[in-house]
Amino acid sequence: MKYTSEYLEDVNKVLKNVPSPEEMRGKSVLITGATGLICSAVADLLLSLNKEQGYGMTLYFAGRDEKRVAERYEERAVQSSKGVGGDYTFVQYDATEGKIPPLHVDYIIHGASNADPKRIMAEPVETMLANIHGITGLMSSVDKSSLGRLLYISSSEVYGVNETFEPYSEDQLGYVDILNPRSCYPSSKRAAETLCVAYAEEYGIDTVMVRPGHIYGPTVKPSDSRVSADFSFKAARGEEIIMKSKGEQLRSYTHVLDCASAILAVLIKGENKEAYNISAPIAIVTIKEMAEAFAAAGGVKITFDVPTESEARSYNKMPCSALRSDKLEALGWKAEFDMKTGAERTVTELKQMY
């Protein structure tokens, strides 16, 4: 990733919205899914606290491919040599296997998961196993006596289909069709949340969960098939945005750096065994309004087309997946980006990065 001055400026902006960040000083933190859309942004926030504010945290970035992790952070961070020196230590980790070297850490931020719609449909078994084995593998490998807290990154898809068209609060679970292979994702996310609470209850491990809505931003990969990713790159390349529906679904579109700052807020201030929505209340819009924001940011047009059968099968079936953020905001967090500003910053940064 290319670290633009705009991106680093945005990193420092959102850090001001994290309540009591000084509690992270001197702590050790393991991040799984360290090259992903969300967790790479979390890592950038922690790197910034270390580099610019001298927090002295020990950071472990876990992933399947050491080279990919090194390439992601090569402009910003130096990998330590055999755990000595450097900005972070690489940890070999594959969520589908759930194995990780024994570690003594204060915090785990667990975000390793397949969230790409096309891959979910192509690999429903692996998607489910990664979400379930990922938790059990971590819990069996780390030193439970020294672990201060595990934060699990779940998903707004756990809510299923709800009859209301109002933003969901954390207690409004709806229907998930367990015989639909696309349900591999929400079903396993639900199971993983229950596992977190079960480990907390049986083994006394402090766990918290976050449920991000639809996340977008400059840490997205060109291979990502999510609609917000597609619109982002098309706008950055000056190509017309093609919508495959009327775009009437209401969603919480949260900039990835707002999402990352919210994760740190819950890690620091959240209550044990509680789940928190991650949603920017200033960016609850329909898919069409999101598309219009990116089209305006890139100076491109919007056209409409019919989805293929394969595309239609991979879609999120929720007519409304907007989320209430009251519980999160009560911790002292706030969002930085509305949809217009977030789209503009994303397009500007993607143009420079790619």
Side-chain angles (χ1 to χ4, degrees), residues 17-33 38-39 42 45-46 49 55 57-60 62 95 98 100 102-113 131-159 168-173 186 188-213 258-279 323-334:
N17 299 332
V18 178
S20 305
E22 62 276 359
E23 293 189 24
M24 299 293 293
R25 287 186 182 276
K27 302 295 186 181
S28 54
V29 186
L30 167 68
I31 302 176
T32 72
I38 293 175
C39 282
V42 175
L45 264 61
L46 296 181
L49 287 173
Y55 268 51
M57 291 176 284
T58 301
L59 304 179
Y60 298 93
I100 197 166
L103 283 175
H104 303 271
V105 293
D106 296 305
Y107 296 119
I108 295 175
I109 299 173
H110 179 40
S113 176
N131 284 333
I132 295 170
H133 288 175
I135 284 289
T136 57
L138 285 174
M139 291 299 195
S140 64
S141 302
V142 300
D143 182 353
K144 298 180 184 64
S145 63
S146 67
L147 179 62
R149 165 164 283 182
L150 181 143
L151 180 145
Y152 178 63
I153 300 177
S154 184
S155 167
S156 62
E157 287 202 33
V158 299
Y159 289 108
Y168 299 169
S169 60
E170 284 80 358
D171 59 353
Q172 288 181 283
L173 293 180
S188 56
K189 285 292 188 180
R190 283 183 169 188
E193 286 196 28
T194 304
L195 270 171
C196 286
V197 175
Y199 274 105
E201 190 71 20
E202 186 172 346
Y203 296 101
I205 298 173
D206 190 319
T207 61
V208 288
M209 294 138 286
V210 293
R211 297 169 179 166
D258 275 337
C259 180
S261 69
I263 286 170
L264 294 185
V266 174
L267 183 71
I268 295 167
K269 304 288 284 187
E271 293 290 328
N272 183 29
K273 296 189 285 187
E274 290 290 324
Y276 296 82
N277 289 337
I278 294 182
S279 170
L323 308 174
R324 293 179 64 94
S325 56
D326 312 55
K327 191 173 177 180
L328 173 62
E329 291 179 287
L331 301 180
W333 174 86
K334 70 173 184 177

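In this chain, residues are counted from 1 in sequence order.
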>> Could you walk me through whether I278 and I153 satisfy the side-chain contact (heavy atoms from CB on, under 4.5 Å) test, starting with their C-alpha distance in whole Å, then the side-chain angles of each, then the deciding distance to 0.1 Å, before giving a yes or no?
In response: CA-CA 10 Å; I278 294 182; I153 300 177; over 6 Å; no
>> Quick one, S28 with D106, criterion side-chain hydrogen bond (donor to acceptor under 3.5 Å, both in side chains). Give me CA distance, side-chain angles, the key distance, then yes/no.
In response: CA-CA 5 Å; S28 54; D106 296 305; 3.1 Å; yes
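Under the 4.5 Å side-chain criterion, counting only non-hydrogen atoms from C-beta, L103 is not in contact with I108. In this structure, the side chains of L195 and M139 stay at 4.5 Å or more apart for every pair of heavy atoms.
Annotation: salt bridge (charged side-chain N to carboxylate O under 4.0 Å, His left out) contacts of R190 (sequence neighbours excluded): none.
Atoms CG and CD1, on L151 and I31 in that order, are 10.5 Å from each other to the nearest 0.5 Å. The CZ atom of R25 sits 11.5 Å away from atom CD of E23, with the distance rounded to the nearest 0.5 Å. Here L45 contributes atom CG and C39 contributes atom SG; the two are 11.5 Å apart, rounded to the nearest 0.5 Å.
Of all non-hydrogen atoms in A112 and G33, the two that sit nearest each other are CB-N, 3.7 Å. What you find for V158 and P186 is that their closest heavy atoms are CG1-O, 4.2 Å. When every heavy atom of S188 is checked against every heavy atom of N131, the shortest pair comes out as OG-ND2, 2.8 Å. The shortest heavy-atom contact between W333 and S261 is NE1-OG, 2.8 Å.
The aromatic rings of Y159 and Y168 sit perpendicular to each other, their planes meeting at more than 60°, with 30° as the lower class boundary.
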For residues 196-206, which side-chain donor-acceptor pairs fall under 3.5 Å, sequence neighbours excluded?
from	atom 1	to	atom 2	distance (Å)
E201	OE1	K273	NZ	2.8
D206	OD1	R149	NE	2.8
D206	OD1	R149	NH2	2.9
D206	OD2	R149	NH2	3.3

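The ring pair (Phe, Tyr, Trp, His ring centres under 6.0 Å) contacts involving residues 258-279 comprise nothing, where partners must be two or more places apart or lie in separate chains.
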